[in-house]
S.K.: 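Provided herewith is a single structure, encoded as structure tokens, for subsequent inquiry.
In the text below, chain A, chain B and the rest are named by the order of the sequence lines, each starting its count at 1. What you see is a predicted model, and the numbers here were worked out from it, not measured in a lab.
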Protein chains: 2
Amino acid sequence: MSDTLNPPRKRQAVTIKHVAAEAGVSLQTVSRVINNGPNVTPAVKERVKAAIEKLKYVPSLAARGLSGSRSYLILALNDKEPTVEGWREGRGNDWIDQMLLGGMLRSADFGYRMLFELVDSHSGKMIEQIEAALLSLRPDGVILTPPHTENQAISDLLSRYGVPFARLGSRGGEDGFSIAMDDAAAASAAVDHLHGLGHRRIGFITGSPEYRASEDRLAGFRDTMHKHQCLDEGLIEPGDFSYQAGAEATRRLLALDNPPTAIIASSGEMALAVLGVAREQRIAVPDALSIVSFDDTPTMRLTLPPLTAIRQPIAPMAATAAELLITVKNGEAQERSHILPFELIVRQSTAPCPR
Amino acid sequence: MSDTLNPPRKRQAVTIKHVAAEAGVSLQTVSRVINNGPNVTPAVKERVKAAIEKLKYVPSLAARGLSGSRSYLILALNDKEPTVEGWREGRGNDWIDQMLLGGMLRSADFGYRMLFELVDSHSGKMIEQIEAALLSLRPDGVILTPPHTENQAISDLLSRYGVPFARLGSRGGEDGFSIAMDDAAAASAAVDHLHGLGHRRIGFITGSPEYRASEDRLAGFRDTMHKHQCLDEGLIEPGDFSYQAGAEATRRLLALDNPPTAIIASSGEMALAVLGVAREQRIAVPDALSIVSFDDTPTMRLTLPPLTAIRQPIAPMAATAAELLITVKNGEAQERSHILPFELIVRQSTAPCPR
DNA sequence: AACGTTCTTGAGAGCGTTCACAAAAATGCT
DNA sequence: AGCATTTTTGTGAACGCTCTCAAGAACGTT
């Protein structure tokens with residue numbers, strides 16, 4: 001809350017009224033032109049457009065939001081934790097700038113704005129915080145990013161308010177949109193890549209089991225390994241996306257009598273952990289051990305060696321989410337689940353199998 | 001612009017009216033309480049607050065913005081280029097998540113929101129784009145980030161509209177706020193660090209001369225080297241913050257008859273370039289060559305070796321900027337230039353001088 | 001006790017737009 | 001030509017809040 005009462009009003013700006021006068025039509029007609037409404041004579045439309053151009057008119061978001069049924073706002077929920085904590089560990093929130101890029105630019109195409117809410121899942125007041133944002137902004141759609149994609153309390157809240165939402169990087173539940181890559185296919189591609197290099201004993205570190213993406217990646221791994229007749233359940237180690245868990249899983253894998261010659265990690269963090277442990281144990285990467293990472297982040301390229309990784313198309317995902325949320329007509333049935341193509345970026349952490 | 005006319009109105013929400021009825025006071029009194037206005041009897045204030053709590057009332061940003069003299073919005077201008085282009089090169093826009101963190105959280109303390117505008121300086125329509133954003137959002141303040149901090153066209157535009165603005169990472173001009181670290185002192189600290197390790201021949205790669213920060217860093221370097229009686233103008237090479245320029249400057253420095261034993265780069269990009277060229281020429285870092293970077297980014301920690309760097313406190317800078325813009329009273333003279341403490345993060349790219 | 005101050009509260013207009021509906025113009029049909 | 005229909009345009013209310021200004025209550029002063 002602000003400390004004082006407000007200063008006097010700002011100077012007058014160009015409003016729809018001025019445009020209407022300039023073009024010699026009514027307010028409503030101008031509004032129709034702005035909103036691409038139907039039933040406007042081309043001549044009138046041109047006249048209005050010229051007036052808009054001439055007066056440099058831009059509609060006020062606040063007025064549109066207040067008056068109309070839409071706010072022209074998309075709210076993106078991001079976790080506060082990785083941003084706050086991550087800095088010291090050398091990582092930022094890799095999603096945010098990509099979301100800005102994809103989501104904001106696509107939103108802009110529709111006259112929308114995207115804005116962020118940093119949400120703290122540990123605060124206990126997360127739901128209240130989101131509810132306040134909903135009430136204050138009345139966004140036309142909400143984008144959920146990990147680790148909030150499959151949070152039931154959040155999706156319940158959004159459903160209760162009737163705000164359409166999209167989950168990014170998750171196949172999601174019954175409600176809302178989901179935009180993700182094909183995690184199973186991605187895992188499969190990673191296996192094929194390594195198998196093609198001659199690897200047969202391939203380790204896999206899973207993500208947190210409560211995420212559908214984790215299951216999918218593991219399923220893709222299992223299926224494809226089975227197809228190649230290389231599946232050894234002993235080479236599957238549980239992880240939870242964190243560096244710590246990745247390091248522990250790696251140690252267990254490397255301590256096996258017959259250790260893997262390659263490891264696929266279900267997250268970028270964990271892939272860095274594999275690399276870290278390998279370095280610690282003086283195991284040469286990629287000569288003695290190949291590594292494939294999920295979640296390609298900018299840092300993957302700067303490690304030594306740079307990591308081969310599955311890239312999740314975050315910017316396109318955010319763009320798709322924004323577009324879906326903006327163009328959704330409630331009532332019309334629509335495809336709720338969208339799969340975007342992943343990319344396998346081959347760098348130098350994968351090499352032919354030594355044996 | 002949207003494709004169609006709008007759907008019917010949303011369902012009714014809790015408004016200030018309901019709160020007023022609940023508390024048995026007038027609209028205006030509720031408004032006073034919300035805005036922390038003066039002259040409200042404690043008893044009434046409590047009654048209103050209880051009603052707000054009970055009804056879960058949250059004021060509508062749009063209505064406040066439309067009605068009042070302030071929009072409760074801070075607009076942050078970020079360059080589109082590094083975000084779009086940077087991805088493939090393995091770097092994101094390192095500023096954005098830190099700005100979100102510092103700027104958004106501090107803004108929230110005042111009931112404000114911060115939102116971003118990705119601006120393309122090469123598009124030729126940059127000014128129009130910013131003007132449209134100004135008109136549409138009517139932000140109460142604008143934050144400028146590199147490379148827009150010292151763009152005259154932008155500051156002119158903002159002055160014309162009477163929107164307060166702040167430059168981040170720049171000592172800036174006559175108008176607006178500037179929030180920066182003490183670049184000269186930072187350069188000085190880098191020199192002292194290296195000098196303390198025994199280095200006497202220290203190379204310096206400058207930033208683009210049109211940025212005040214570049215001058216300051218160079219001046220700090222010169223002064224401190226002079227103080228240590230080690231200044232050799234031949235070890236100062238021009239750069240422009242880019243990797244390319246950094247690489248070229250490094251090659252020139254290393255090709256000298258008596259090359260430096262340490263190099264200070266005026267940007268993180270250029271520091272990476274120094275490291276890249278050193279690796280290329282099989283010069284051991286830090287054994288044969290020490291490196292200090294300006295602009296500590298998450299990637300600095302992941303290089304081999306991790307880079308010693310000056311950290312610019314981006315999040316605190318953004319927080320300060322937000323607070324200044326929100327609390328500025330026009331009319332009152334205020335300190336326009338704010339200096340925040342930097343940090344010298346010593347990692348493994350600096351070591352005692354070999355000779 | 002009568003009056004001017006200050007403190008507290010309230011009433012009404014207005015912010016810039018869209019919505020619902022009504023009026024006017026153009027079109028089609030018999 | 002005359003009337004029903006459709007297309008195009010306009011009117012007034014509403015959105016939820018703050019601003020301006022005025023009224024009422026509480027206080028002190030002579």
S.K.: Got a sec, which residues hit side-chain contact (heavy atoms from CB on, under 4.5 Å) with A:Ala153, two or more places apart in sequence or on another chain?
M.R.: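 Applying side-chain contact (heavy atoms from CB on, under 4.5 Å) to A:Ala153 gives A:Ile127, A:Asn151.
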S.K.: Measure the distance from CD1 on A:Ile16 to C1' on C:dT18 and round it to the nearest whole Å.
M.R.: 8 Å
S.K.: Sequence neighbours left out, what passes side-chain contact (heavy atoms from CB on, under 4.5 Å) with B:Ile16? Give chain and number order.
M.R.: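 Expected list: B:Leu27, B:Val30, B:Ser31, B:Ile34, B:Tyr57.
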S.K.: So, A:Arg113 and A:Asp140, do they make that salt bridge, N to O below 4.0 Å?
M.R.: no
S.K.: Could you please name the option among C:dC15, D:dC15, C:dT18 that lies closest to any side-chain atom of B:Leu66?
M.R.: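 It is C:dC15.
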S.K.: The criterion is salt bridge (Lys or Arg N to Asp or Glu O under 4.0 Å); which residues satisfy it with B:Lys125, sequence neighbours excluded?
M.R.: none
S.K.: Return the set of residues passing side-chain contact (heavy atoms from CB on, under 4.5 Å) with A:Gln129 (not counting sequence neighbours), or none when no residue passes.
M.R.: A:Glu117, A:Val119
S.K.: What side chain to side chain donor-acceptor pair (under 3.5 Å) pairs are there with at least one residue in residues 43-54 of chain A, not counting sequence neighbours?
M.R.: A:Glu22-A:Lys54
S.K.: Could you check how far CG of B:Asn35 sits from P of D:dC19, rounded to whole Å?
M.R.: 7 Å
S.K.: Between D:dT18 atom C1' and B:Arg70 atom CZ, what is the distance in whole Å?
M.R.: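 Checked: the CZ to C1' distance equals 11 Å.
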S.K.: Measure CZ/A:Arg64 against P/D:dG16 and give the value in whole Å, please.
M.R.: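 Rounded to the whole Å, the gap is 18 Å.
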S.K.: Roughly how many Å is it from CZ in A:Arg138 to C1' in C:dT18, rounded to a whole number?
M.R.: 16 Å
S.K.: Less than 4.0 angstrom between a side-chain N/O of A:Ser67 and OP1 or OP2 of C:dC19, yes or no?
M.R.: no
S.K.: What nucleotide, of C:dT18, D:dT18, D:dG16, holds the atom closest to the side chain of B:Ser31?
M.R.: D:dT18
S.K.: Could I get the full list of salt bridge (Lys or Arg N to Asp or Glu O under 4.0 Å) partners for B:Asp120, not counting sequence neighbours?
M.R.: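 Salt bridge (Lys or Arg N to Asp or Glu O under 4.0 Å) check on B:Asp120 returns nothing, list empty.
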S.K.: Go through the steps to decide whether B:Asp79 and B:Ser121 satisfy the test side-chain hydrogen bond (donor to acceptor under 3.5 Å, both in side chains), and finish with yes or no.
M.R.: CA-CA 7 Å; B:Asp79 198 41; B:Ser121 30; 3.3 Å; yes
S.K.: Under the salt bridge (Lys or Arg N to Asp or Glu O under 4.0 Å) rule, what pairs show up with a residue in residues 144-154 of chain A, not counting sequence neighbours?
M.R.: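 Sorted pair list comes back empty.
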S.K.: Using C1' atoms of five pairs at each end, report the bend of the helix from C:dA1-D:dT30 to C:dT30-D:dA1 rounded to 10 degrees.
M.R.: 40°
S.K.: Round to a whole Å and report the spacing from CG of B:Leu135 to C1' of C:dG16.
M.R.: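 In whole Å, C:dG16 C1' and B:Leu135 CG are 13 Å from each other.
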S.K.: Summarise how protein sits on nucleotides 5-10 of chain D as a single string, 5' to 3': B when a protein heavy atom is under 4.0 Å from the base, S for sugar-phosphate-only contact, - for no contact.
M.R.: ---BBB
S.K.: For A:Lys17 and D:dT11, what is the distance between atoms NZ and P respectively, to the nearest whole Å?
M.R.: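 To the nearest whole Å, that distance equals 12 Å.
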S.K.: B:Asn36 has an atom CG; how far is it from atom P of D:dC17, in whole Å?
M.R.: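 That distance rounds to 17 Å.
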S.K.: Using only side-chain N and O atoms of B:Tyr72, determine if any of them is under 4.0 Å from OP1 or OP2 of D:dC17.
M.R.: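 So the side chain of B:Tyr72 is outside the cut-off, no N or O lying under 4.0 Å from OP1 or OP2 of D:dC17.
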